[in-house]
Number of protein chains: 2
Amino acid sequence: MATRLSDVAARAGVSVKTVSNVINDYPHITSHTRAKVQAAIDALDYKPNVSARSLRKGRSDFIALAIPEMASPYFAELGAAISRAAKKRGITVLIDQTEGEAAAEKFILDGMRGQLIDGIIFSPITTAPARIGAADTAKPLLLLGERHAGGNLDHVAVDSVQASFDATTHLISLGRRRIAAIGVGGGAGTGSVRRRGYRKALKAAGIEHDPALELAGTGYHREDGAASMRDLLALPEPPDAVFCFNDLLALGALRTLADAGLSVPGDVAVVGFDDIEDGRFHSPSLTTISPDKEWLAENAVAVLLDRISGSGEADRRDLIVPYTLKIRESTSG
Amino acid sequence: MATRLSDVAARAGVSVKTVSNVINDYPHITSHTRAKVQAAIDALDYKPNVSARSLRKGRSDFIALAIPEMASPYFAELGAAISRAAKKRGITVLIDQTEGEAAAEKFILDGMRGQLIDGIIFSPITTAPARIGAADTAKPLLLLGERHAGGNLDHVAVDSVQASFDATTHLISLGRRRIAAIGVGGGAGTGSVRRRGYRKALKAAGIEHDPALELAGTGYHREDGAASMRDLLALPEPPDAVFCFNDLLALGALRTLADAGLSVPGDVAVVGFDDIEDGRFHSPSLTTISPDKEWLAENAVAVLLDRISGSGEADRRDLIVPYTLKIRESTSG
DNA sequence: CTGAAAGCGCTTACAG
DNA sequence: CTGAAAGCGCTTACAG
């Protein structure tokens, strides 16, 4: 039998209300009483029952982070940052892997596990934007990733169009003209939004975009990047630069280029997106769009908690994550 | 106001007990009753209150996974596997990052967050083995990583001595004689246990171990491996092979070797430990000890759940994770 | 097979 | 500043 609040009260010789007050740091308690209660808590090694508290208060101080896969470095790094940001505020993060499955994402959108969690930070990949916008969860839901169509949900994301424009423009500034894009088929709008920035940059430079240089691939992993790069090299006129829509794709592309005996950036310059640690240590190190993940984490958590406590603004928040283009060896070897 | 069990009962025209029976799949319910109740659940979009259930049953179907850092690829991959294994059994995993902080690890050992979680899978790194063995948590605790001294806790780990012996022996079989080790100062016994296997292999081959070739470093990340490799190359007589105690160290070492213009494995052969995806795509791809992470995850979850339900054996379980040595380009280019 | 009632351990009006 | 009591939403003996 675990120690209960009433045991502590009995031992300290006060009412349960007083013990509860001490635990929850309510004011107007004499330091003498506080010390007495604290001594009883220590002596009995009392730990509050979270379920009971949560049942009574209707708040658990748990939030969920729903991401496609935690083994993907970008999401792992993001999860670590969000978990840290939440912990600072006394909140525990529960990580849910959707694995991009529609059913798992629907589960999130349906409000997840009943009353246990206070809110959700959700990075969708499969569900159509329209359906996300229509989600009517009992608990606050904050969206990560490309901007969704309509809906009234809080949202935190990089300006992907602008970032992709910058990445492509960097390649153009290097004198490259046959610039490929890998990942145009990416989920949750990522592929199409980043392609928009890519095409915009080409157009601004007076380069016509060549559909043969836009590869969709089947996913956003290293193997997809490697395969797409192989396709590109098989072209009658291969590219002299590649903008990969995430770092994993870029790392896979680099592997294919190494296998083919091509030099980077000499023969082909490569840019990624995400700035995962892997790319910083790779040789050649990877030029990439680096979103400020700490900023993202801090703000996503803050906005969600505002919403949970009801102290947030009534209208939906739309936060743009700052980013920088990190120029490394893969474009300036 | 959320829908309650009693609302469903009222609508279905049955008692709450019956609804509860349906939800919990108890037998002896006519299919007619079941259908009626299910219709009411659907109509009201009822979701059980997890806190209330957990308070009453003393079980939450939540377990915690406490790891040093989720952004580290090995732990990210492990976390993904454990999360999947638990989900199959209807259990949700809550990930806790200790960041190797003693206070955070103490929090785990003290039983964590009261009654909310049913058990803990813990990968310690800072806390001394003796103190871990002495842990007396209210909830079942299963240990990951090097075997701890004494104690009565369930434990799942690779036989690191044997695996390190194999890795080193592989290097010797390649004709290498000046074989360095990076990571001998690793936490939670990892460094010393793997060094034991490394030295054993040298000895078995009649090679005297050279303390100058055993590097401690300050951590197990890429930058530590890169720094250690620089130290090694500065030696009057640099090594012709390196066994790194994890893949991140090896990836860092490869970066330093590339910078130095040395060929791998021509000049220096490199072996890692963990088999993270990064190493498989790196060029050269990384030879490494590959623990079966799926096996580890399945068994860790199964043993912990046995312990939670009390159906496990009384005495402590000590499971050895199968592994293979994956020979890749960094030793056979 | 089903119903009425107690109780899991908290927090919070309501009194004093 | 503190006490006695109700109630959060479930599950589970206990009866029938």
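Just so we're on the same page: letters track the sequence lines, and every chain starts at 1.
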Problem - Nearest-nucleotide comparison on DNA chain C, the residue closer to the 5′ end among B:L55 and B:V14 - result: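 So the residue in question is B:V14.
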Problem - Rounded distance in Å - CZ (A:R59) to C1' (D:dC8) - result: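 The answer, rounded to whole Å, is 16 Å.
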Problem - Between C1' of C:dC8 and CG of A:D7, the distance in whole Å - result: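 In whole Å, C:dC8 C1' and A:D7 CG are 14 Å from each other.
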Practice task
Answer yes or no: is there a donor N or O on one side and an acceptor on the other, between the side chain of A:E277 and the main chain of B:H221, under 3.5 Å?
Solution key: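 No, A:E277 side chain to B:H221 backbone: no donor-acceptor pair under 3.5 Å.
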Exercise for the section: Check for a donor-acceptor pair, side chain of A:R316 on one end and backbone N or O of A:D154 on the other, with a separation under 3.5 Å. Expected result: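 Such a contact is absent between A:R316 side chain and A:D154 backbone.
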Problem - side-chain N/O B:S15 vs C:dT2 OP1/OP2, d < 4.0 Å - result: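 Indeed not, no polar side-chain atom of B:S15 lies that close.
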Practice task
Look at B:T18 and C:dC1 and indicate whether a side-chain polar atom (N or O) is within less than 4.0 Å of OP1 or OP2.
Solution key: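 No, because none of the side-chain N or O atoms of B:T18 sits under 4.0 Å from OP1 or OP2 of C:dC1.
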Handout entry: Heavy-atom closest pair, residues B:S83 and B:V93
Key =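 Minimum heavy-atom separation between B:S83 and B:V93: CA-CG2, 3.9 Å.
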Exercise for the section: Report yes if the side chains of A:V301 and A:V303 come closer than 4.5 Å at any heavy-atom pair, otherwise no. Expected result: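 The answer is no; the side chains never approach within 4.5 Å.
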Practice task
Quick one: the dot-bracket string of DNA chain D, using Watson-Crick and G-U wobble pairs with both distances under 3.5 Å, [ ] for crossing pairs and | for bases paired to another strand.
Solution key: |||.||||||||.|||
Problem - B:D118 and B:R59 ion-paired at < 4.0 Å - result: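 Yes.
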Practice task
Output yes when A:R89 and A:E298 qualify as a salt bridge under the 4.0 Å nitrogen-oxygen rule, no when they do not.
Solution key: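 Judged by the 4.0 Å cut-off on N to carboxylate O distance, A:R89 and A:E298 do form a salt bridge.
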Report all interatomic pairs (protein N or O, nucleotide N or O of nucleotides 12-16 of chain D) with separations under 3.5 Å.
from, atom 1, to, atom 2, distance (Å)
D:dT12, OP2, B:Y26, OH, 3.2

Problem - Proximity to the side chain of B:L5 - top-ranked nucleotide from D:dG9, C:dC10, D:dC10 - result: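 Between D:dG9, C:dC10, D:dC10, the one nearest the side chain of B:L5 would be D:dC10.
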Problem - Minimum-distance nucleotide to B:T33 side chain [options: D:dG3, C:dT2, C:dG9] - result: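 For the B:T33 side chain, the nearest candidate turns out to be C:dT2.
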Handout entry: Interatomic distance at C1', C:dG16 relative to C:dT12, whole Å
Key =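 Result for the C1' pair: 16 Å, nearest Å.
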Problem - A:L94, A:T92, A:I63 screened by side-chain contact (heavy atoms from CB on, under 4.5 Å) with A:I117, the one that passes - result: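 Considering A:L94, A:T92, A:I63, a side-chain contact (heavy atoms from CB on, under 4.5 Å) with A:I117 is found only for A:L94.
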